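Keep in mind that this is a model prediction, so the values were computed, not measured.
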Amino acid sequence: MKLYETKNVGLNQVEDVDTTGNRIILYAARFGNVDSHSDIIHPGAFKKTITESQSRLKHLWQHDTNKPVGKPESIIEDQNGLLVNSKISKTQLGKDLMILVEDGVMNENSIGFYTIKASKDEAKGIRNIHEVQLFEYSSVTWGSNDQAQNIGLKSLTVAEQSNELEKKMSLLEKHLRQGNLSDEMCELLVIQVAQIKSSIAEMLEQSLTVITEPEVSTLQSEQPVEVKSDRDEIADFYSAYIGYNKNNY
């Protein structure tokens, strides 16, 4: 299962703000530098997405698919990175974003993507990313904290993560049952499904490093108690997720 990844660009990556035209020029990604995840994105990584799927890209608020704020009017790779001229919608959230960017409060950006081609420099411990499938770019408060990684669940317990994912799937089901979805809404739902899949994969991966054993009572009169491990919790949730997909896709 491919992981849906997010990657922060860093501070002061907004190049220009046009408040009259509701546009923000920004770098959604940078080339050539080693980031906090020991990754380097190389020129050409976004070429296929730009050529084939530019019209499907979305500008989100904090990687939240329920909070789109705009879309790229133009997007190119230059010598520095992925340069975007983003047209911001005149919704209340879009207006709020324009004010926060102009005030320098929201000055970090992040991208949401699948890695398609990468190579590992074992000696340096660096992953070189050569091609990605880009879904969205986001204005974020802090790109490297939990809220900007996937869907912000890493700090929660397994039970809490499962509960949050179930809420997101319920919202997905609500949208699907309403029908008559616009192309834009369909693309947002695709991003959300990718995020959910990635979170499930991470939960499963984390469970492999944790061994939970039931406590054994020394009292012979006590009946054995079934203890459900984190891995059991994840397995139950994953089964529910598979059933959900079969019923709705």
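- Without hydrogens or angle criteria, N85 side chain to E73 main chain gives no donor-acceptor distance under 3.5 Å.
- With hydrogens and angles ignored, the 3.5 Å screen pairs no side-chain donor or acceptor of E102 with any backbone N or O of V17.
- A search for side-chain contact (heavy atoms from CB on, under 4.5 Å) contacts involving K67 returns W61, D64, L93, not counting sequence neighbours.
- Remark: the backbone N or O of V105 is not paired with any side-chain donor or acceptor of D103 at under 3.5 angstrom.
- In this structure the side chain of V132 never reaches within 4.5 angstrom of the side chain of E5, judged on heavy atoms.
- Under the 30°/60° scheme for interplanar angles, the aromatic rings of H59 and Y137 are found to be tilted.
- Distance check, rounded to the nearest 0.5 Å: OH of Y27 to CG of L83 gives 4.5 Å.
- Closest of all the heavy-atom pairs between Q79 and F31 is O-CD1, 4.3 Å.
- Counting heavy atoms of neighbouring residues, nucleotides and ligands inside a 6.0 Å radius, atom NZ of K87 exceeds 12 of them.
- Ring geometry for Y114 versus Y4: interplanar angle over 60°, hence perpendicular rather than tilted (30 to 60°).
- The OG1 atom of T6 sits 11.0 Å away from atom CG of L3, with the distance rounded to the nearest 0.5 Å.
- There is a side-chain donor-acceptor pair under 3.5 Å between T20 and D18.
- Atom CZ of R30 and atom CG of L82 lie 10.5 Å apart (nearest 0.5 Å).
- With contacts defined as side-chain heavy-atom distances shorter than 4.5 Å, the pair K117/H42 does not qualify.
- When each of D35, T115, N109 is checked for a side chain to side chain donor-acceptor pair (under 3.5 Å) with K7, only D35 meets the rule.
- To the nearest 0.5 Å, the span separating CG on N22 from OG on S86 amounts to 10.0 Å.
- Taking all atoms of both residues into account, the shortest heavy-atom contact from I41 to A45 is CG2-CB, 3.8 Å.
- Contact record, A118 with H130: CA-CD2, 4.0 Å, taken as the closest heavy-atom pair.
- Both V101 and I111 are part of a single hydrophobic cluster, where members link through side-chain heavy atoms under 4.5 Å apart.
- Note: S55 OG to I75 CD1 = 11.5 Å, rounded to the nearest 0.5 Å.
- With hydrogens and angles left out, the side-chain atoms of E108 and S110 include no donor and acceptor closer than 3.5 Å.
- Looking only at side-chain heavy atoms (C-beta outward), L60 and T65 come within less than 4.5 Å of each other.
- By the side-chain hydrogen bond (donor to acceptor under 3.5 Å, both in side chains) test, S74 is found to be paired with no residue, residues two or more places apart in sequence or in another chain being considered.
- Interatomic distance, CD1 of I88 versus CD1 of I24, reported as 4.0 Å (0.5 Å rounding).
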